[in-house]
Amino acid sequence: MDFRPSEDQRDLARGMRELLAGRFGREALRAAADGPARLDRALWKELGEAGLFALRLPEAAGGVGLGLPEAVLLFEEAGRALLPGPLVATHLAAGRVPGAAEGTAVVTEVSPEGLLPWADDADVVLGPAAGAVPVRSVDPLTPLHRVPGGPAGLRWEAVLLTAAEQVGSAAWCTDAAVAYAGQREQFGQVIGGFQAVKHLCAGMLVRTELARAAVHGAAVTAEPVEIAGAKLLADEAAVANARDCLQVHGGMGFTWEADVHLHLKRAWVRAALLLPGARAAERVADAL
Amino acid sequence: MDLTHTEEDEEFRAGLRAWLAAVLPGLPPRPDPLDWPARRAYDCGWQRRLYDAGYGHVHWDASPARRLVFLEETERAGAPYVGANFVGLLHAGPTIAAEGTPEQRERWLEPVLRGDEVWCQGFSEPGAGSDLASLRTRAVRDGDAYVVTGQKIWTSHAEVADWCELLVRTGTEGPRHRGITWLALPMDAPGVTVRPLRTLAGSAEFAELFLDEVRVPVANRVGEEDDGWRVTMVTLSFERGTAFVGEVVACRRLLGELARTARANGTWDDPALRRRLGRLSAEFLALWRLTQRNVSEAGAGGVPGTGGSVFKLHYSHARQELYDAAAEVLGPDALDLGREWTLDRLSSLSYTIAAGTSQIQRNIVAERILGLPKGR
Ligand SMILES: Cc1cc2nc3c(=O)[nH]c(=O)nc-3n(C[C@H](O)[C@H](O)[C@H](O)COP(=O)(O)OP(=O)(O)OC[C@H]3O[C@@H](n4cnc5c(N)ncnc54)[C@H](O)[C@@H]3O)c2cc1C
């Protein structure tokens, strides 16, 4: 038994982190957040070339031939970078919708909760999208439509990969809070020396690590109950960490200029999109 | 990210399972929790059976993964817990194994493994709790003995212990962490007085230990004089990672029992309670995965200490929350000490205090993992 990510798995994640740091760093994120919400098609294609969408397609079908454990590591990186777009839907469409695997097609999907992200930018919309009404989305980087009735079924892999993005966002929030706490001074010392601030940061790490262990476990077993539990904890980690990160930033945290609100808003979207808290908890309870 | 065990560990599991199935039905009934001598006899009897069957050493020389299997299976089968052997098997023994001389290992280890001798841990003092390094119990060298005077507190199992792993102050100069020495104190030495303390659960789980000019042979010192802090850290880091394996398995089993009870008594119809139990179930499964990760890290020779703090912080709160949820399932019966889980609920109140309070754990996580400045 070795539950740690293998050397190869860590290399894969590192590669994605580097790609995103170069192609979707802070400036790109801010430009995207301040401009009209449009997908960067060139970046989408690069993600396709890097294997993000074709990751789990068999090699014989032109894919990378890897599994859910690798996928959650990559989606965690996407969550950390706050990469916009229907990444999960396109990943799951690889091999089913032409161009999805390569990153030449953008595929979105109606969620079981009746939400449809990125409808206007997508080449292909899966699911019952008739009657979709645009929403003024709380997240500047996720355009949303409401759909009268979502599909009945739940795709567990979509739930898991969304949870993985939440873990990445929770980890980013921890890092950002710790970095700010180590630099901002009040009362003649860095605020990270105050126990009240330290303990917030420690709590953020604990939530992240618990959720990450849950997501990794669910990626290995692929059991629906374990995935539901992982989503529950990952949603909570992403939302609560963004709020604590905001708190550590003081007034700065309440500004548009600080990135933390973008993480909080996306965390809310991901939490509401698929298997929101109460449903996840019920699903886990059912199995007891 | 591999959760499968080696073939050898699976064979070990199968053998252990068969042995447990054969031996557990013949075990005597559990003793009254208020009867300490009976508890000691029961716990030591169990350790002796483990020893005779070749499982006595498992905490010491098995790989972390195999220990995980051992703890998982024994808990699943409902086997007794280490109980009074906790300090001997998980603290003092490993310290002696790592830092003791060949004579010391010869003298003390075998009796622990055979369930013949019980140890307790005399670290905390009235004035030294979280700030353990401020301990003041003094030991003054007199020929081939130390003369020890002072007071210890919260000493679990002191009433039935044969030996105490004792931290004393030998030096006065320099930083506080220097000047501490680790001694094996025979509990029957003249000048040792044990006064039981009653816990809020009603029983006497721990005691005060008064030491009045107790002579402890220098030969009972493990490690160098004034080097006891380092020696102790070896002990404290030993069991992190696998320390709570059995408990997590037990909590997951308890959740199943709670759900059955709730379905039977109608409380399951309350969606808030259902979700509360669902949430707890997700947390305990995640804690199990975290344990598997910590064990993997320990097995790879990494430092499990910090992962242990992350685990303990969440686990201790989740376990308290679990018994609160149990009380919701029981309703008015939760006030009945005769009911299952009521005493456990009381005991669980110590989890955020013993072995490093939650506040101290948060300091550790913030300073040692996140690198935030050290506070005073
Ligand atoms: C059931 C049980 C069994 C035990 N068994 C043993 C045993 O066998 N042997 C043994 O030696 N000890 C034992 N202990 C003692 C245990 O290790 C101590 O209780 C623990 O370390 C806390 O010390 P304290 O009780 O003096 O509390 P204190 O240190 O006085 O703490 C009081 C409060 O102040 C907070 N606090 C203290 N310092 C800080 C700080 N720097 N930052 C923020 N908050 C702080 C604490 O978190 C706590 O909330 C046991 C305790 C319990 C409850």
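Below, chain A is the first sequence line, B the second, and so on; all start at residue 1.
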> Can A:Leu232 and B:Arg279 be said to form a side chain to side chain contact (heavy atoms under 4.5 Å, CB included), step by step?
Replying inline: CA-CA 8 Å; A:Leu232 181 66; B:Arg279 213 205 113 82; 3.7 Å; yes
>> Are there residues of residues 313-329 of chain B whose heavy atoms fall under 4.5 Å of chain A's heavy atoms? If so, which?
In response: B:Leu313, B:His314
> Do any of residues 259-270 of chain B have a heavy atom less than 4.5 Å from a heavy atom of chain A, and if so, which, in residue order?
Replying inline: B:Ala259, B:Arg263, B:Trp268
> For A:Ala214 and B:Ala286, which heavy atoms make the closest approach, and how far apart are they?
Replying inline: CB-CB, 3.8 Å
> Which bit of B:Leu287 comes within less than 4.5 Å of chain A, counting heavy atoms only: side chain, backbone, both or neither?
Replying inline: both
>> Quick test of your reading: applying salt bridge (Lys or Arg N to Asp or Glu O under 4.0 Å), list the pairs with at least one residue in residues 237-250 of chain A, sequence neighbours left out, ordered by first then second residue.
In response: A:Arg207-A:Asp244
> Does any heavy atom of chain A fall under 4.5 Å from the side chain of B:Leu290, the backbone, both, or neither of them?
Replying inline: both
> Which bit of A:Leu288 comes within less than 4.5 Å of chain B, counting heavy atoms only: side chain, backbone, both or neither?
Replying inline: both
> Given that the side chain runs from C-beta out, which part of A:Gln9 has a heavy atom under 4.5 Å from chain B: side chain, backbone, both or neither?
Replying inline: side chain
> Side chain, backbone, both or neither: which part of B:Asn363 has a non-hydrogen atom closer than 4.5 Å to chain A?
Replying inline: both
>> Salt bridge or not between A:Arg4 and B:Glu297? Use side-chain N to carboxylate O under 4.0 Å.
In response: no
> Based on non-hydrogen pairs under 4.5 Å, which of B:Arg252, B:Arg293, B:Glu367 is most in contact with chain A?
Replying inline: B:Arg293
> Do any pairs count as a salt bridge (Lys or Arg N to Asp or Glu O under 4.0 Å) and have a residue in residues 173-189 of chain A, sequence neighbours left out, and if so which ones?
Replying inline: A:Arg80-A:Asp175
